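Here's the structure, in structure tokens; my notes come after.
These numbers were taken from a predicted model, which means no experiment stands behind them.
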Amino acid sequence: QILGTVEYEGQTYELISKSGSAVSGTVKGDVEITLVYSLDADEDTTPDKYEATVTYEVVNGTFAEGETTVTQEYVLAEENEEDGTWTEATRYLENIPVPTANEGYGNGGWDVTPTTETVVEDGAKYTYTYTANDQTLRVNYVMDDEASTVIHEAYTDDAKYDDEYDLSKQILGTVEYEGQTYELIS
């Protein structure tokens, strides 16, 4: 009897290959069959060595459903339904998640670009990172007339989205303009 699954020292093992004589026939000499089993620790009937997990992560963004991490499971072999053995098979990435940038972020890219032509490797991780968008810090100094006349050159500085900033030193209590002194009112 050929067992597809065996228990050994508290672990479950699945049949992956067999060699030697035919399983049935007429005896014309010694008959020997060697059955090879592989660990199936998660007991899902697929030998662990043929299971692969691929992880996708996004930094400063999300995938569908708002996740920042998506994992996908692949089986890297095909089971022969006739005799329960397994044959390794090359698998390619599929259903690669599409990231969306968080507010204030863009210009993203993969560390290693996954495609549907990428061979699945157990433990592979692909990270898509968005960078903070450029922002401008600006303080305008204007008169309280209808034209909002500029009375001092504006202060500007570059920043990135989510940067901390402090413009308190740029808030001028008084400004001299064309021989007149203007006081800050708002």
- [ ] May I ask whether V112 and Y56 are part of the same hydrophobic cluster, defined by side-chain heavy atoms of I, L, V, M, F, W, Y residues being less than 4.5 angstrom apart, directly or through others?
- [x] yes
Task: Reported CG-to-NE2 distance for the pair L172 and H152, which is rounded to 0.5 angstrom - done: 5.5 Å
Open item on the list: Rounded to the nearest 0.5 Å, what separates atom OG1 in T46 from atom CD in E51?
Closed with: 5.0 Å
Task: Minimum heavy-atom distance between W86 and V75, given as atom pair plus value - done: CZ3-CG1, 4.0 Å
- [ ] Say whether, by atom type as modelled, one donor and one acceptor occur between the side chain of Q72 and the main chain of N95 under 3.5 angstrom.
- [x] yes
Open item on the list: Surrounding CD of E88 (heavy atoms of other residues, nucleotides or ligands, distance under 6.0 Å), is the total greater than 12?
Closed with: no
- [ ] Could you please spell out the steps behind the side chain to side chain contact (heavy atoms under 4.5 Å, CB included) verdict for T69 and T55?
- [x] CA-CA 7 Å; T69 301; T55 304; 3.7 Å; yes
Task: Connected via hydrophobic side-chain network under 4.5 Å: Y155 and Y165 - done: yes
Task: Any side-chain heavy-atom pair of L93 and T115 under 4.5 Å - done: no
TODO: Decide, yes or no, whether a salt bridge links R91 with E78 under the criterion of side-chain N to carboxylate O below 4.0 Å.
DONE: yes
Task: L76 side chain near V120 side chain, heavy-atom distance below 4.5 Å - done: yes
Task: Full working for ring-ring contact (aromatic ring centres under 6.0 Å, His included) between Y126 and Y128 - done: CA-CA 7 Å; Y126 302 94; Y128 195 96; over 10 Å; no
- [ ] Check A77 against Y50 and note the closest heavy-atom contact, atom names and distance.
- [x] CB-CG, 3.5 Å
Task: Hphob cluster co-occupancy, Y74 + I96, side-chain heavy atoms under 4.5 angstrom - done: yes
- [ ] Using modelled atom types only, decide if a donor and an acceptor are shared between the side chain of D40 and the backbone of D48 within a distance under 3.5 Å.
- [x] no
- [ ] With rounding to the nearest 0.5 Å, note down the distance linking CD1 in I16 to CG in N80.
- [x] 13.5 Å
Task: Nearest atoms (heavy-atom pairs only) where T68 meets G61 - done: CG2-O, 3.6 Å
Task: N/O donor-acceptor pair under 3.5 Å between N133 side chain and G106 backbone - done: yes
Open item on the list: Could you see if Y177 belongs to whatever hydrophobic cluster contains Y141? Use Ile, Leu, Val, Met, Phe, Trp, Tyr and a side-chain cutoff under 4.5 Å.
Closed with: yes
Open item on the list: Is a donor from one side chain sitting under 3.5 angstrom from an acceptor on the other, for T174 and E183?
Closed with: no
Open item on the list: Within the 4.5 Å heavy-atom criterion, are L35 and I2 side-chain neighbours or not?
Closed with: yes
- [ ] Could you tell me which non-hydrogen atom of E32 sits nearest to which non-hydrogen atom of T34, and how far apart they are?
- [x] OE2-OG1, 4.1 Å
Open item on the list: Can you confirm whether the side chains of Y13 and Q11 place a donor and an acceptor under 3.5 Å from each other?
Closed with: no
- [ ] Spell out, as yes or no, whether a donor-acceptor pair under 3.5 Å connects the side chain of D157 to the backbone of L137.
- [x] no
Task: I171 side, atom CD1; L184 side, atom CG - distance, nearest 0.5 Å - done: 7.0 Å
TODO: State plainly whether one hydrophobic cluster holds both L15 and I33, where clusters connect Ile, Leu, Val, Met, Phe, Trp and Tyr through side-chain heavy atoms under 4.5 angstrom apart.
DONE: yes
Open item on the list: I want to check something: taking the side chain as every heavy atom from C-beta on, are T90 and Y92 in contact at a cut-off of under 4.5 Å?
Closed with: yes
Open item on the list: Test side chain to side chain contact (heavy atoms under 4.5 Å, CB included) on K160 and D134; report intermediate values, then the result.
Closed with: CA-CA 5 Å; K160 295 283 186 186; D134 291 334; 2.4 Å; yes
Open item on the list: Looking at E117, I'd like to know if its CD atom is crowded, meaning that more than 12 non-hydrogen atoms belonging to other residues, nucleotides or ligands lie closer than 6.0 Å.
Closed with: no
Task: Point-to-point distance, once rounded to the nearest 0.5 Å, from OG1 of T156 to CD of Q170 - done: 10.0 Å
TODO: Sort out for me which residue in D162, T100, T131 forms a side-chain hydrogen bond (donor to acceptor under 3.5 Å, both in side chains) with Y105.
DONE: D162
Task: Spatial distance of atom CD (E73) from atom CG (D122) [nearest 0.5 Å] - done: 8.5 Å
TODO: Locate the shortest heavy-atom distance separating E57 from W110; write the atom from each residue and the value.
DONE: O-CZ3, 4.3 Å
Open item on the list: Show the nearest heavy-atom pair for residues V31 and A22, with the distance to one decimal.
Closed with: CG1-O, 4.4 Å
Open item on the list: Please determine whether the number of non-hydrogen atoms from other residues, nucleotides or ligands lying under 6.0 Å from atom CG of D30 exceeds 12.
Closed with: no
